[in-house]
Every structure is written in structure tokens, then in C-alpha cells.
Peer 1: 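Questions regarding the structure given below will be posed in turn.
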Amino acid sequence: MKIGFEIHEQLSSKQKLYCNCPTNYRDVSPNTNVCPVCTGMPGSKPAPPNEKAIDSAIEIALMLNCEIVMQEPIYIQRKHYDYPDLPSGYQRTSLPIAKDGDLEGVGIREVHIEEDPGKYDPVQGKVDFNRSGIPLVEIVTDPDLFSSEEARSFLRSLIRTLEYTSKVRPEPSTLRADTNISLEGGKRVEIKNINSVKGAYRALKYEVMRQSRTEKVERETRAFLESQMITVPMRSKEMAEDYRYIPDPDLLPIMITEEKVGKVREQMHEAPHMRKKRVIEEYGIEDSVAEVLVSEREFIDLFEKVSKEIDPVFASHWFKDTFRKVLNYEDIGPEEVPFADEKLIKLLKLVESEKITPEKGELILREMVKNPKDPKVLLEDLELQELTEEELMSAIEKTINENKEAVEDFKNGKEEALNFLAGQVMQTTEGKADPREVMSILKDRFNE
Ligand SMILES: [Zn+2]
């Protein structure tokens with residue numbers, strides 16, 4: 001089995017690719033971010049391509065270890081097809097701006113820049129052109145994946161790499177992927193309309209099953225129906241679309257200079273797979289821990305800052321177990337934590353030096369996420385809420401006095417009566433007592 005991908009993601013840019021219309025299409029009413037260029041009016045002339053979008057695509061290509069096409073004209077082509085979301089009748093797509101990269105052993109064949117078409121709603125028959133002309137990066141891989149599982153994990157890794165650049169739009173569901181799959185001896189089948197990693201996995205799983213049960217697999221393009229988790233025929237080889245590519249006569253070709261690539265390289269982030277390798281070597285942390293740490297750029301950024309003052313191995317486990325858990329629980333990303341790095345370091349120092357238990361450390365962190373006070377102040381607050389020895393003993397006395405029957409039962413050998421009594425103490429103390437401590441005090445009392 002051989003699987004490859006073609007992935008499209010929107011580049012984060014305030015302006016569209018060939019005009020100055022804004023790109024915040026989700027926040028505005030339909031057809032308000034439009035002009036004659038992005039709606040393809042006859043006679044309208046595109047502006048030269050958005051430099052920022054080109055820089056972003058170069059950075060993405062560099063992160064994917066590609067060779068940038070330099071000092072030669074990169075033509076912008078018109079790809080013709082007819083669909084209501086494309087009023088001009090063609091989509092502008094660049095020749096490769098980069099080639100021959102790889103990500104975790106999977107070949108990255110080409111990287112292109114494209115413009116997004118509009119959004120067509122076939123049910124209502126309406127089109128919204130706010131999206132037309134938003135810059136896209138297209139990434140084409142070699143068919144180097146050999147199972148649906150491998151494909152899924154590669155796609156996750158690719159998305160993480162793109163997120164690391166912060167050059168793709170952060171909103172979810174901007175991913176659009178096509179995948180191609182051929183089983184041994186069979187023909188290549190292309191699947192379109194995939195919008196998520198899970199969707200890609202389901203589509204491939206379905207296709208493996210379908211192709212292995214089909215006697216003669218034809219070369220064709222199929223569409224994935226997410227609602228039913230199946231693929232259906234779109235067009236066969238005979239009906240293959242002829243896009244009649246021609247260079248766009250309204251646009252000069254893109255020229256990427258060595259100087260420009262140098263500038264992008266200078267300010268770009270380290271790719272996550274490279275960073276994982278480095279932190280393992282530099283800090284001596286475990287592979288599986290490093291994998292969690294590099295899951296988000298801001299998370300590993302924080303870890304590296306903290307590691308200057310805290311033992312990195314200790315901090316790595318704490319980040320992976322406690323910090324990750326609290327972030328997930330509060331449903332926030334590491335870039336959203338409201339406290340300064342120094343407070344996190346202070347808290348970790350308390351845990352590392354065993355001045356507080358890891359459990360207490362976690363309670364303080366939970367509070368810090370909502371209420372970014374100094375951890376020492378939060379610790380004092382926490383201790384104020386704790387049960388004093390006196391309060392605990394009085395709750396135990398009260399329980400014994402009010403439950404004479406249960407006390408007798410226990411003395412007569414009914415072990416479960418002790419659980420009942422401990423439960424009563426927990427209720428009286430509103431759950432603040434430590435149940436193990438309560439059990440042991442009660443036992444001592446009755447054995448006297
Ligand atoms: Zn426009």
C-alpha cells in the first residue's frame with residue numbers, strides 16, 4: 001500500500017493574495033470583504049502577490065527541509081475549472097516555490113502558493129466570496145506512507161509543524177487534504193474532501209477495505225462523505241479534468257532571492273522534530289516525555305525557560321504530567337497562561353525542594369491558572385483552608401458520640417462499621433480531612 005497527500009492550509013495574513021481585501025471572513029457578513037479582483041470581474045487586474053504570504057510559504061518550506069526555488073522565475077498559472085465558487089473560471093496557483101523536502105522520512109515533493117476559492121452552499125445555492133483570494137499553501141508529499149495509521153500520524157506531525165511556524169491560520173478546520181492510495185498491483189485512487197486528520201484516517205481505512213474487495217480497481221477520483229464515513233466515485237480517468245494550465249498574463253513571475261531566504265531563515269522557529277531531538281540530547285529527558293513537551297511551541301518554550309533554574313528531568317516530568325493535566329482540565333493552551341514564568345519557577349522550586357507535596361503543587365497551579373497570584377501567597381491561602389488538628393479531633397469526638405451503635409458494631413467485629421464512621425467524619429469536615437488519617441485515628445481510639 002502506498003499513500004500520499006496534498007494538503008492545503010490558509011496562510012495567516014491580513015490581506016488577500018492579489019488584492020487588499022481583509023481576510024477575517026468568519027467575522028463579517030457574506031460578500032463584504034470583496035472587490036472586483038477577488039470576485040473575478042472582467043477587466044480587473046490583480047496586484048502583485050502578497051509578499052508576506054510568500055515569506056510564510058518560504059518559511060513553511062524551509063521547516064519541511066525543502067530546497068527553495070531561487071533566482072528563477074516562478075510562474076503563477078491559471079488552473080481552469082467550472083464551479084460556482086470560482087467566478088473567474090480559473091484558480092491562480094504558483095509553480096513550485098520549493099521542492100525535495102522531507103518530514104520524518106516522508107518526501108515533500110513540492111510547495112505551492114494558491115488562492116482560495118469562495119464558499120458555495122449547494123443547499124441554498126448561495127456563494128460567499130469573502131474567502132476568495134485568501135492565500136493558501138499547498139504541500140504535496142511523495143507516496144511514502146504505507147498504512148492508514150502511518151498516514152494519520154504523519155498528518156498530525158505535519159499540522160504540528162505548520163502550527164510551529166504560526167504562519168497558518170490558527171482557527172481549527174482550515175485544513176483541506178486530498179489523499180491518494182494504491183494497493184499493490186492496483187491503480188492509484190485519489191480521495192478529495194478531507195477536512196480533518198480523523199477524516200483522512202477513516203477515508204483511507206474505508207478505501208483499503210473497498211479496494212481489497214474490488215476485483216479491478218480503476219484509476220479514479222473519489223469524494224469522502226464525512227457524515228457517512230465512506231468514499232463515492234467523483235470521476236474516472238476518462239473524465240479526468242483538463243485544467244488547461246496557462247501562465248497568468250496579468251502577473252509577473254515570482255522571483256525568490258537568496259537574500260530573502262536568508263532573512264526568513266534568520267527569524268524562523270526551530271521545527272518540532274528537530275527541537276525534540278535537541279531537547280533530548282541537551283537535557284537528557286526521555287523520548288516519550290519530549291514528544292509531549294514539543295506538542296506545542298509555547299509549551300516547550302516555557303519548559304526551556306524553566307529548565308534554566310530547575311532540574312530539567314524533574315521539570316520535564318512535571319510538565320508532562322501535572323502541567324499538561326491542569327491545562328487540559330482548564331481547557332487553555334500554554335500561550336494563554338496568565339502568570340509570568342517566574343511564578344511557575346517559584347512554584348516548581350517549592351515542589352522540587354519538597355517544601356510542598358506534588359499534590360499541593362498541583363492545587364496551587366490550578367488556582368494560579370485562574371488567579372495568577374504569587375505561589376507562596378496561594379500556599380498560605382491553601383493552608384488557611386486546611387483543617388486544624390483541633391477541628392479534626394472535635395469532628396471525630398462528635399462522630400463517636402452520635403453513632404454509639406456503629407461504635408459497638410465495630411467493637412463486636414463488624415469491620416465495615418469503621419468505614420461508616422470515617423464517612424461521617426468526612427461529612428462533618430466537609431471533605432477536608434484526609435480519609436487515611438481519619439481511619440487510623442479511629443482504629444487507635446477503639447484499640448485503646
Ligand atoms: Zn478583493
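Start at 1 and go down the list; that is how both ligands and their atoms are numbered.
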Peer 1: Does the side chain of Y243 come under 3.5 Å of the side chain of Q91 through a donor N or O and an acceptor N or O?
Peer 2: no

Peer 1: Taking atom CD1 of I364 and atom OG1 of T322, what is their separation to the nearest 0.5 Å?
Peer 2: 12.0 Å

Peer 1: For the atom pair NE2 (H269) and OG1 (T161), what is the distance rounded to the nearest 0.5 Å?
Peer 2: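 These two atoms lie 13.0 Å from each other.
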
Peer 1: Going by the side chain to side chain donor-acceptor pair (under 3.5 Å) test, name the single residue among R202, E207, E190 that passes it with T231.
Peer 2: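 Exactly one candidate clears the test, E207.
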
Peer 1: Any chance NZ of K277 has more than 12 other-residue heavy atoms, nucleotides or ligands included, within less than 6.0 Å?
Peer 2: no

Peer 1: May I have all residue pairs that pass salt bridge (charged side-chain N to carboxylate O under 4.0 Å, His left out) and include part of residues 73-92, sequence neighbours excluded?
Peer 2: R78-D248, R78-D250, R92-E115, R92-D248

Peer 1: Which residues and atoms, protein N, O or S only, are under 2.8 Å from the Zn ion (ligand 1)?
Peer 2: C19 SG, C21 SG, C35 SG, C38 SG

